[in-house]
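What follows is one structure encoded as structure tokens, with my remarks underneath.
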Amino acid sequence: MSIVWSFSSLKTFQQCPKKYYHTKIARDVVEPDTQATLYGKTAHTIAEEYIRDGTPIPPQFAYMQATLDVLKEIPGEKLCEVKLGLTKDLESCDFDAPNVWWHGIADLVVINRETGTAHSVDYKTSKSARYADVKQLDLVACGLFAKFPEIRRVRSALLFVVSKEFVKAEHHAEMVPKYIEAPSQDVARIEAALENGVWNPIQGPLCKFCSVKQCEYNRN
């Protein structure tokens, strides 16, 4: 039995299979937006509209201007909110295609076909890059190599717009099997759980904030 997965859904499963089941499979729990997630969505929209259309940045987000100007100066075709999909054979497909296996969205992609290089940027509104996870960039690079076969190298970055930190990585097309190896193993674990119906909870410090109230570890 196969699933459609993303970097964020895989992180949810790693955090707690029971939470994954209720939010992604049964869908009987909906995680509400928080002040932080709403702020992040607004920042993403402002960055997209500034890069794509030149829409002025509101005063309360003026701290993003200088960093976004650096991105605007990168030579190449700029694409915002690029929806990516991969089949299980790692072929490119639409984000919501019937045969999609993995999907994700690249916040900003700059394509330079002359050099066979792309820049991929994901905006983060966390106050620090201390817990940055570049595995997300690995997956987006895989999607970009499939969608744009003329691209052989992707220069990727997590851009923390508040702290103005770039967490960088470089990806090469011939390394796609390596990038997908570890997440594929976790996907196989999800498929096994789906097959046998076992979704064991994992107790941790975040349990008291979890939206899955029917879990024995949620004391609220």
Side-chain angles (χ1 to χ4, degrees), residues 1-31 37 81-107 109 118 120 122 124 131-149 151-154 156-158 167 169-207 209-218:
M1 188 174 295
S2 62
I3 61 162
V4 179
W5 61 284
S6 65
F7 175 76
S8 61
S9 69
L10 204 61
K11 292 286 284 186
T12 299
F13 180 80
Q14 292 166 346
Q15 177 190 352
C16 179
K18 186 174 180 67
K19 180 179 180 180
Y20 178 93
Y21 171 76
H22 286 288
T23 58
K24 307 298 181 182
I25 303 298
R27 298 185 183 274
D28 54 3
V29 171
V30 177
E31 295 191 89
T37 58
E81 296 296 303
V82 181
K83 292 186 175 181
L84 302 166
L86 288 174
T87 67
K88 204 161 190 176
D89 295 328
L90 304 184
E91 298 291 332
S92 180
C93 66
D94 288 341
F95 182 89
D96 53 0
N99 61 336
V100 67
W101 177 62
W102 166 87
H103 59 195
I105 299 176
D107 291 339
V109 178
S120 172
D122 187 84
K124 300 294 183 185
Y131 300 108
D133 189 345
V134 297
K135 295 182 182 67
Q136 176 183 358
L137 300 176
D138 295 349
L139 296 172
V140 169
C142 291
L144 291 173
F145 287 132
K147 187 177 182 68
F148 303 101
I151 298 302
R152 306 304 298 169
R153 181 177 67 146
V154 176
S156 308
L158 299 174
V167 179
E170 184 164 301
H171 299 92
H172 299 270
E174 63 271 19
M175 294 294 292
V176 165
K178 183 66 176 178
Y179 302 144
I180 210 75
E181 181 180 357
S184 293
Q185 294 172 1
D186 277 326
V187 173
R189 290 175 56 214
I190 296 175
E191 292 174 342
L194 196 60
E195 189 72 30
N196 58 39
V198 176
W199 305 91
N200 293 319
I202 296 176
Q203 187 175 16
L206 297 179
C207 286
F209 304 108
C210 183
S211 301
V212 182
K213 304 303 181 186
Q214 53 268 60
C215 178
E216 60 265 38
Y217 295 135
N218 191 319

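Computed over heavy atoms, backbone and side chain alike; hydrogens, waters and symmetry mates excluded.
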Interatomic distance, [X] atom [atom1] to [Y] atom [atom2] [nearest 0.5 angstrom]:
| X | Y | atom1 | atom2 | answer |
| --- | --- | --- | --- | --- |
| C207 | Q15 | SG | CD | 8.0 Å |
| L144 | K147 | CG | NZ | 9.0 Å |
| F13 | K18 | CZ | NZ | 13.5 Å |
| I180 | K88 | CD1 | NZ | 11.5 Å |
| T12 | H22 | OG1 | NE2 | 13.5 Å |

Check [X] against [Y] and note the closest heavy-atom contact, atom names and distance.
| X | Y | answer |
| --- | --- | --- |
| F145 | I151 | CD2-O, 3.3 Å |
| L90 | W101 | CD2-CZ3, 3.9 Å |
| P201 | C215 | CB-SG, 3.8 Å |

Are any non-hydrogen side-chain atoms of [X] and [Y] less than 4.5 angstrom apart?
| X | Y | answer |
| --- | --- | --- |
| V212 | N218 | no |
| D28 | Q214 | yes |
| W102 | L84 | yes |
| F95 | V100 | no |
| V30 | S211 | no |

> Yes or no on side chain to side chain contact (heavy atoms under 4.5 Å, CB included) for K24 and I3, after CA distance, side-chain angles and deciding distance?
Replying inline: CA-CA 10 Å; K24 307 298 181 182; I3 61 162; over 6 Å; no
Is there a donor-acceptor pair under 3.5 Å between the side chain of [X] and the backbone N or O of [Y]?
| X | Y | result |
| --- | --- | --- |
| S9 | W5 | no |
| D122 | L137 | no |
| D89 | E91 | no |

>> Walk me through whether D138 and K135 qualify under salt bridge (Lys or Arg N to Asp or Glu O under 4.0 Å).
In response: CA-CA 5 Å; D138 295 349; K135 295 182 182 67; over 6 Å; no
> ring pair (Phe, Tyr, Trp, His ring centres under 6.0 Å) with Y179: which residues, sequence neighbours excluded?
Replying inline: H171
>> Which residues pass the ring pair (Phe, Tyr, Trp, His ring centres under 6.0 Å) test with Y21, not counting sequence neighbours?
In response: W199
> side chain to side chain contact (heavy atoms under 4.5 Å, CB included) between C142 and L86: does it pass, once the steps are laid out?
Replying inline: CA-CA 8 Å; C142 291; L86 288 174; 4.0 Å; yes
